[in-house]
Protein chains: 2
Amino acid sequence: MDTIGFEHHDHDACIDDGTAAVAAYCARNGLQFTRQRRRVLEILLEEHRALGAYEILDRLREEGLGSQPPVAYRALDFLTRHGFAHKIERLNAFIACTHMGENHAPAFLICRACSAVAETYADPSEGVLGRAAREAGFRIERAVIEAEGLCPNCRKERAG
Amino acid sequence: MDTIGFEHHDHDACIDDGTAAVAAYCARNGLQFTRQRRRVLEILLEEHRALGAYEILDRLREEGLGSQPPVAYRALDFLTRHGFAHKIERLNAFIACTHMGENHAPAFLICRACSAVAETYADPSEGVLGRAAREAGFRIERAVIEAEGLCPNCRKERAG
DNA sequence: CTTGATATGTTATAGTATTACATTTATCAA
DNA sequence: TTGATAAATGTAATACTATAACATATCAAG
Ligand SMILES: [Zn+2]
Ligand SMILES: [Zn+2]
Ligand SMILES: [Zn+2]
Ligand SMILES: [Zn+2]
């Protein structure tokens, strides 16, 4: 399980690889990877934490790329619709995907201390939830799975 | 697994039992089960779907029990803080708990067709999510688990 | 080119939630 | 009973999140 977000890593590669993967995917699938969409994705890729739409909009505004809410929300809508970014419902905020292009059922680990968010995988149709759904006759189509707690770094800090 | 919410059942008992259980719990634990708190709980108990804070506020206003947002949010804060109600993050809305008083890790099944919401149980530390968290060194303290799809009733309707 | 679809600019507005502070009510010890 | 403290409520104002609507511009395909 590759749960990126808490460990040290080559973060420039996150940004470059993510952008490149999305560019390629869009080219292959006839999607328009416009300047705003690309920039919003880059902004998200710059951090492994979730950003609010207005936080993103502020940066766009500074760069002269747009100043009104729909600018941010439209780009985010595009990115989330195609799985390049995810909304963290608990935070009303957005984060870049770490499994670009792969068809996946994301789940998130949110650190309450440092706000880092790691994306991981949790098939909602497995485990207790899946069983409960089947027993109830409920067909799961998608699921919001967001765990909150302490990331390894913040746990060490507290212990030390 | 008792996944209340989709099946036919004695719904008056839901309301009465829920209110009684909360009243008893509050009495035992020195909590003030005030008129507003009780009324908001009753409003939530009346339906097995999630209600927005302003939807609740509208009802309170009609009944002369309050007219400003904090009235609803304070009651909801009390109810959720003690586990008598839960917030459905996906819907920005609230629902009465179906396991009053029991210490539990709730998960929800949300029907996209009829908006019914059923509460069930899913220990976040089990299964794929728990394993991913342990491997990442992340300590889960709570989790938002909200599955969306079709409830048994709406599935039948579509099939028929 | 032309045409239809897609994306952007912009204004306004809807929906969700909290801050702040004055007032009232409940709790509890003296 | 009373006075002190804490908890809850009343109310106005504001902050934060998200979408509707419509005009304009750009793109993709024939
Ligand atoms: Zn992802
Ligand atoms: Zn942390
Ligand atoms: Zn519950
Ligand atoms: Zn349904």
Side-chain angles (χ1 to χ4, degrees), chain A residues 22-23 25-41 43-44 49-82 84-95 115 144 146, chain B residues 22-23 25-41 43-44 49-82 84-95 115 144 146:
Chain A
V22 170
Y25 183 99
C26 288
R28 272 200 312 280
N29 295 90
L31 301 174
Q32 300 186 45
F33 194 36
T34 64
R35 204 161 56 124
Q36 288 175 338
R37 290 169 178 177
R38 170 186 290 268
R39 189 63 195 119
V40 169
L41 180 67
I43 289 168
L44 290 176
R49 72 180 179 92
L51 297 179
Y54 282 76
E55 208 171 341
I56 292 165
L57 181 58
D58 285 344
R59 304 212 196 172
L60 294 178
R61 186 180 290 122
E62 286 169 13
E63 302 171 13
L65 275 175
S67 61
Q68 300 305 321
V71 174
Y73 280 103
R74 281 168 182 158
L76 289 167
D77 181 62
F78 172 85
L79 295 172
T80 52
R81 212 148 23 85
H82 294 97
F84 306 142
H86 304 292
K87 180 171 186 185
I88 308 295
E89 297 290 345
R90 184 69 222 288
L91 305 175
N92 293 321
F94 301 83
I95 190 159
S115 296
V144 173
E146 298 170 355
Chain B
V22 170
Y25 183 99
C26 288
R28 273 201 311 279
N29 295 90
L31 302 174
Q32 299 185 46
F33 194 37
T34 64
R35 206 163 53 126
Q36 289 175 337
R37 291 169 176 177
R38 170 186 289 268
R39 190 61 196 121
V40 169
L41 179 67
I43 289 169
L44 291 177
R49 72 179 178 94
L51 296 179
Y54 281 76
E55 207 169 343
I56 292 166
L57 182 57
D58 285 344
R59 305 212 197 172
L60 293 179
R61 186 179 292 123
E62 286 168 13
E63 302 171 11
L65 274 177
S67 62
Q68 301 303 321
V71 174
Y73 281 103
R74 281 168 181 157
L76 288 167
D77 180 63
F78 172 85
L79 295 173
T80 53
R81 209 150 23 84
H82 294 97
F84 306 143
H86 303 292
K87 180 173 187 185
I88 308 295
E89 297 290 346
R90 185 69 221 290
L91 304 176
N92 292 322
F94 302 83
I95 191 160
S115 297
V144 172
E146 299 170 355

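Letters go in sequence order (proteins before strands), and every chain restarts at 1.
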Between CD of A/E146 and CG of A/L91, what distance do you get to the nearest 0.5 Å?
-> 7.0 Å
Between residues 28-38 of chain B and DNA chain D, which residues have a heavy-atom gap below 4.0 Å?
-> B/Q32, B/T34, B/Q36, B/R37
Closest non-hydrogen atom pair, B/L57 against B/A72 = CB-CB, 4.1 Å
How far does CZ of A/R37 sit from SG of A/C26, to the nearest 0.5 angstrom?
-> 8.0 Å
Side chain proximity check, B/L31 to B/F78, heavy atoms < 4.5 angstrom = yes
Of the non-hydrogen atoms in B/F33 and B/A23, which two are nearest, and what is the gap between them?
-> CD2-CA, 3.8 Å
Closest non-hydrogen contact found for A/E89 with B/R90 is OE2-NE, 3.3 Å
Considering only heavy atoms, which members of residues 49-70 of chain A lie under 4.0 Å from some atom of DNA chain D?
-> A/Y54, A/P69, A/P70
If you measure from CG on A/L44 to CZ on A/R49, what distance do you get to the nearest 0.5 Å?
-> 10.5 Å
For a quick test of your reading: what N or O donor-acceptor pairs under 3.5 Å do the side chains of residues 60-68 of chain A make, sequence neighbours left out?
from: A/R61; atom 1: NH1; to: A/D58; atom 2: OD1; distance (Å): 3.1
from: A/R61; atom 1: NH2; to: A/S67; atom 2: O; distance (Å): 2.7
from: A/E63; atom 1: OE1; to: A/R39; atom 2: NE; distance (Å): 2.8
from: A/E63; atom 1: OE2; to: A/R39; atom 2: NE; distance (Å): 3.3
from: A/E63; atom 1: OE2; to: A/R39; atom 2: NH2; distance (Å): 3.0

Around atom CZ of A/R35, are there more than 12 heavy atoms of other residues, nucleotides or ligands at under 6.0 Å?
-> no
Please find the earliest and latest nucleotides of DNA chain D, in the 5' to 3' direction, that have an atom within less than 4.0 Å of any heavy atom of chain B.
-> D/dA7 to D/dA12
Contact boundaries of DNA chain C with chain B (under 4.0 Å, heavy atoms), 5' to 3'?
-> C/dT16 to C/dA26
When you measure from the side chain of B/Q36 to the backbone N and O of B/V71, does any donor-acceptor pair fall under 3.5 Å?
-> no
For B/A93 against B/A50, the heavy-atom pair lying closest together = CB-CB, 3.6 Å
Going from CD1 on A/I56 to CG on A/L41, what distance comes out if it is rounded to the nearest 0.5 angstrom?
-> 10.0 Å
Side chain proximity check, B/F94 to B/L79, heavy atoms < 4.5 angstrom = no
Within-4.5 Å side-chain heavy-atom neighbours: B/K87 and B/N92 | yes
Less than 4.5 Å apart, any side-chain heavy atom of A/R59 and any of A/L51?
-> yes
Five-pair end axes of the helix from C/dC1-D/dG30 to C/dA30-D/dT1, angle between them (10°) | 40°
Upstream residue (5' side of DNA chain D) when B/R74 and A/A93 are each assigned their closest nucleotide | B/R74
